[in-house]
Undergrad: 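Dropping a structure here in structure tokens format, bear with me for questions.
All values derive from a computational prediction rather than experimental measurement.
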Protein chains: 2
Amino acid sequence: MADASFELDGQGPLYEQIRKAIARKITGREWRPGHRIPFENEMTAALGVSRMTVNRAINALVSDGLIVRRRKAGSFVAEQSTLDAPLTILTAEAEACANGATYRYELLSRSVSPAIRDAMTADRFGPGTSLVCIEARHMANGQPMMAERRWINLDVVPAAANEDFKTIAPGAWLLKHMPWSEAEHVISALAADGDLARHLEIASGAPCLRIERRTWIGDATITFVELNYPGDSKKLVGRFQPLTGGRGNEKRS
Amino acid sequence: MADASFELDGQGPLYEQIRKAIARKITGREWRPGHRIPFENEMTAALGVSRMTVNRAINALVSDGLIVRRRKAGSFVAEQSTLDAPLTILTAEAEACANGATYRYELLSRSVSPAIRDAMTADRFGPGTSLVCIEARHMANGQPMMAERRWINLDVVPAAANEDFKTIAPGAWLLKHMPWSEAEHVISALAADGDLARHLEIASGAPCLRIERRTWIGDATITFVELNYPGDSKKLVGRFQPLTGGRGNEKRS
DNA sequence: TTGTTTATTATGTCTATACATTATCCAATC
DNA sequence: GATTGGATAATGTATAGACATAATAAACAA
């Protein structure tokens, strides 16, 4: 029913051209949310390509969240209700380098102790778990860029007991030594307290952006970390949504 | 060379089983970053499936960022250097409902004016652009959950001039009326100033989480908005990375 | 009208095959 | 030894066809 013939731009692979053409129809509001796009068969015939090629194009749009498909009924333009953007959290070093800043890592303290009965450790790792606790600071151009407080589960990563973390940051070390199956991020704002304010060299009570990250392998928590940034250092997250699709359109500053 | 025979779990489509099996090898550190995984041909032979099926599985891992492919050389386990998590920003109403809270929207002010020479508007929309400026508040369970300040480009969305935004929030309205091709998010922490503190009913100087979002359609900026949350309201971003893959593992609280 | 069965049909998966594209390797040459 | 150039091989794209699956719609029965 819907006009299944549209303009392919001749740029790149066929399935990409088709994907972009459909995305254009949607972002151009020609096909609005809820609209049934042409059946695969129709596009196949109209464009003179194979069904698999059309299928691949539409599937890409499905994983982009632009299209929902229903067997027998057809494929429909999704209702947009959220704005979805990949939040890429680089290691501090990568982040500094991306901005062209000089980077320095600074270990503030390191200690080994079992998780005791407090919300910070026992609840997350289980009481009695052996932990390395690390406080460290990451400097960009000589200025504190981020202060971290981290606990590493020695039951899961015993090798961390033999690492002093004086020259390599625990985040970078873990990425090299441990895989993870799940991660959770919690973002919040808080007023810097005494310790944190001193580490970041900002006024006590100054606003501060915190990213808490908990990482699992299977059921076991590998590490829990607080990354604290001065409030005015902005985290940028960007995305070109439907026209280019796929991954890897992140920007940062 | 590498052992191309691995366990399929028999659950779901073949390409999914293969994808999961490869992901398991990677998260289990059997295949470490830089390792060359078996060639498509090898897996095809070892598993007794078609090459297209293997190809589809590996391509999914590529868009998950777990695998990088090089023609002629092979497919390799990617170096993990970032933690990637989809940040889904719901409309305020959806967010409140997700938490089971009662939701109320409150318009604080609305005005129409051209963009003047300041950083907030002219730099983003171009000098002289006609804008609607809206201040509003979103309440959850009677408590201020978020305060927004928004500018909408009337050149791009003329219909916004006829909408008073007294009952419908501009974010929800725009999602219904305008497509977008690109969005950019900037997250920062700041101390609530007088106006903002009053709107959120928090102490002046209290920390506050701000998400700035700028949305484009083609080259034109549709809207720019500041979403301000009380600092202690945490934004949750979660993701099960490699084993489940694809989209839609977001959690929130 | 209501409920059940059946046929239809669009998507979902999978295969076998073909050719294009290019890094890589290796051998021949300068 | 360094450069060049071609053979090789692995991925990239595209095709046609097949069957599975499931939801809709139509036909039928209670």
Undergrad: Once you measure the plane-to-plane angle for A:F165 and A:W173, does it fall in the parallel (<30°), tilted (30-60°) or perpendicular (>60°) bin?
TA: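 A:F165 vs A:W173 ring planes: perpendicular.
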Undergrad: For A:R214, is there an ion pair with A:E212 - N to carboxylate O distance below 4.0 angstrom?
TA: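 Salt bridge: no.
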Undergrad: Below the 4.0 Å mark, does D:dA14 have OP1 or OP2 next to a side-chain nitrogen or oxygen of A:Y15?
TA: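 No, A:Y15 has no side-chain N/O under 4.0 Å of OP1/OP2 on D:dA14.
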Undergrad: Do you see a donor-acceptor pair shorter than 3.5 Å between the side chains of A:R69 and A:S75?
TA: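 Yes.
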Undergrad: Considering only distance and modelled atom types, tabulate donor-acceptor pairs under 3.5 Å from the side chains of residues 46-56 of chain B, sequence neighbours left out.
TA:
residue : atom : partner : partner atom : Å
B:S50   : OG   : B:M52   : N            : 3.1
B:R51   : NE   : B:E40   : OE1          : 2.5
B:R51   : NH2  : B:E40   : OE1          : 3.2
B:N55   : OD1  : B:N59   : ND2          : 2.8
B:N55   : ND2  : B:E40   : OE2          : 2.8
B:R56   : NH2  : B:Y15   : OH           : 3.3

Undergrad: On a plain distance test, is the side chain of A:K72 in donor-acceptor contact with the base of D:dT21 below 3.5 Å?
TA: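 No, the side chain and the base share no sub-3.5 Å donor-acceptor pair.
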Undergrad: Base of D:dT21, side chain of A:R71 - is there a donor-acceptor contact under 3.5 Å?
TA: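 Under the 3.5 Å cut-off, the side chain and the base do form a donor-acceptor pair.
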Undergrad: Would a distance-only check, ignoring hydrogens and angles, find a side-chain to backbone donor-acceptor pair under 3.5 Å from B:Q17 to B:G12?
TA: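 Checking the backbone N and O of B:G12 against the side chain of B:Q17, a donor-acceptor pair under 3.5 Å is found.
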Undergrad: Could you say whether A:S50 or A:A73 is positioned toward the 5' end of DNA chain D, judged by the nucleotide with the nearest heavy atom to each?
TA: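 Nearer the 5' end of the strand: A:S50.
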Undergrad: Nearest whole Å is fine: how far is D:dA10 P from B:N59 CG?
TA: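 Going from B:N59 (CG) to D:dA10 (P), I get 17 Å.
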Undergrad: Hey, does the side chain of B:R69 come within less than 4.0 Å of D:dG12's phosphate (OP1/OP2), counting only N and O?
TA: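 Affirmative; the distance criterion is met.
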Undergrad: In residues 51-58 of chain A, which ones come under 4.0 Å of DNA chain D, going by heavy atoms?
TA: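 Here the set is A:R51, A:M52, A:T53, A:R56.
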Undergrad: Would a 4.5 Å heavy-atom cut-off, applied to side chains only, mark A:Y105 and A:P170 as touching?
TA: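 With C-beta onward as the side chain, the pair touches.
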Undergrad: Measure from CD1 on B:I67 to C1' on D:dG12 and round the result to the nearest Å.
TA: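 These atoms are roughly 16 Å apart.
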Undergrad: For A:E93 and A:H138, which I'm curious about, is there any donor-acceptor pair between the side chains at under 3.5 Å?
TA: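 Not at all, the side chains of A:E93 and A:H138 share no donor-acceptor pair under 3.5 Å.
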Undergrad: Tell me, please, the opening and closing nucleotides of DNA chain C, 5' to 3', among those with an atom under 4.0 angstrom from a non-hydrogen atom of chain B.
TA: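 Result: C:dT13 to C:dT24.
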Undergrad: A:Q17 CD to D:dA14 C1': how many Å, rounded?
TA: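 After rounding, the reported distance stands at 12 Å.
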Undergrad: By nearest heavy atom, map B:R70 and A:R70 onto DNA chain D; which one lands nearer the 5' end?
TA: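 In this pair, the answer is B:R70.
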Undergrad: Expressed in angstrom and rounded to an integer, what is the separation of B:E42 atom CD from D:dA10 atom P?
TA: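 That distance rounds to 7 Å.
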Undergrad: Does B:R36 make a cation-pi contact with B:F76 (under 6.0 Å, within 45 degrees of the axis)?
TA: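 Negative - B:R36 is either too far from the ring of B:F76 or too far off its axis.
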Undergrad: Does a side-chain N-to-carboxylate-O contact under 4.0 Å join A:K25 and A:E30?
TA: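 Judged by the 4.0 Å cut-off on N to carboxylate O distance, A:K25 and A:E30 do form a salt bridge.
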